[in-house]
Every structure is written in structure tokens, then in C-alpha cells.
S.K.: 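Structure in C-alpha cells, see below.
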Amino acid sequence: MNLLKVILAAVILSFIISIIGSIMFYTPYLDRDPDVYYPTIVESFIYGMIYLTPGIGVYQNGLR
């Protein structure tokens, strides 16, 4: 049961951090340079979730 709480807390925390980060680093269309790839908010959110969730779970479980 404790493991499920850690997993749920890690997913919720990484969800919140990913939303904040993807909104902060979004580049509006008018500020974009030609021939440069800018990720969308959804792509940034997905990459943030994938990157943050395992680390937060390990940190909350006290394994670091």
C-alpha cells in the first residue's frame, strides 16, 4: 500500500511540475525563427512526465 502511495504521489507531483514547465518554456508563434523545431506544450508535458516521474518516486521512497 505504501508503494502505491509513493507511485501516485510521484505521478501527481511530476504532472504539476511538467505542466508548469511546459507553459513557462512555450515559444509563441510570432517569436519563432524559421527552420527551428519548437516542441508543443503537449510534447513538453509528455517529455517532462517521462523524465521526472521515476526520479521523484525514488526520492520519495528514500533511496537517494
Side-chain angles (χ1 to χ4, degrees):
M1 190 65 167
N2 192 21
L3 179 63
L4 292 176
K5 288 180 184 178
V6 169
I7 291 171
L8 183 64
V11 169
I12 291 171
L13 187 59
S14 63
F15 180 80
I16 293 169
I17 292 171
S18 296
I19 286 177
I20 293 170
S22 61
I23 291 172
M24 284 176 45
F25 294 112
Y26 178 72
T27 306
Y29 288 112
L30 297 176
D31 295 341
R32 295 182 183 189
D33 294 326
D35 298 330
V36 177
Y37 177 74
Y38 294 97
T40 63
I41 290 179
V42 175
E43 290 172 339
S44 300
F45 171 74
I46 292 171
Y47 298 147
M49 286 287 291
I50 292 171
Y51 183 74
L52 288 173
T53 302
I56 292 173
V58 169
Y59 183 76
Q60 285 180 345
N61 207 13
L63 299 177
R64 281 194 181 174

S.K.: Nearest 0.5 Å, please: how far is OG in Ser22 from CD1 in Ile17?
M.R.: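 Here the rounded value is 12.0 Å.
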
S.K.: Can you measure from OG1 (Thr40) to CD1 (Ile46) and round to the nearest 0.5 angstrom?
M.R.: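 Thr40 atom OG1 to Ile46 atom CD1 measures 7.5 Å (nearest 0.5 Å).
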
S.K.: Distance check, rounded to the nearest 0.5 Å: Ile41 atom CD1 versus Ser18 atom OG?
M.R.: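 That separation rounds to 12.5 Å.
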
S.K.: Under 4.5 Å between side-chain heavy atoms, hopping through other hydrophobics if needed: is there a path connecting Tyr47 to Phe25?
M.R.: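 Tyr47 and Phe25: separate clusters.
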
S.K.: Under 6.0 Å from the OH atom of Tyr37, do we count more than 12 heavy atoms belonging to anything else shown?
M.R.: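 Yes, the 6.0 Å shell around OH holds more than 12 heavy atoms from other groups.
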
S.K.: Assert yes or no for the condition that the ring centre distance of Phe15 to Phe45 is strictly below 6.0 Å.
M.R.: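 Yes; Phe45 has its ring centre under 6.0 Å from that of Phe15.
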
S.K.: Please say yes or no: joined through hydrophobic side-chain contacts below 4.5 Å, possibly via intermediate residues, are Ile50 and Val11 part of one cluster?
M.R.: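 Result: yes, single cluster for both.
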
S.K.: Is it true that, when you exclude Tyr38 itself, more than 12 heavy atoms of the residues, nucleotides or ligands shown sit nearer than 6.0 Å to its OH?
M.R.: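 Enclosed: over 12 neighbouring heavy atoms sit under 6.0 Å from OH of Tyr38.
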
S.K.: Is there a path of hydrophobic side-chain contacts, each under 4.5 Å between heavy atoms, that joins Ile23 and Val42?
M.R.: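 Yes.
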
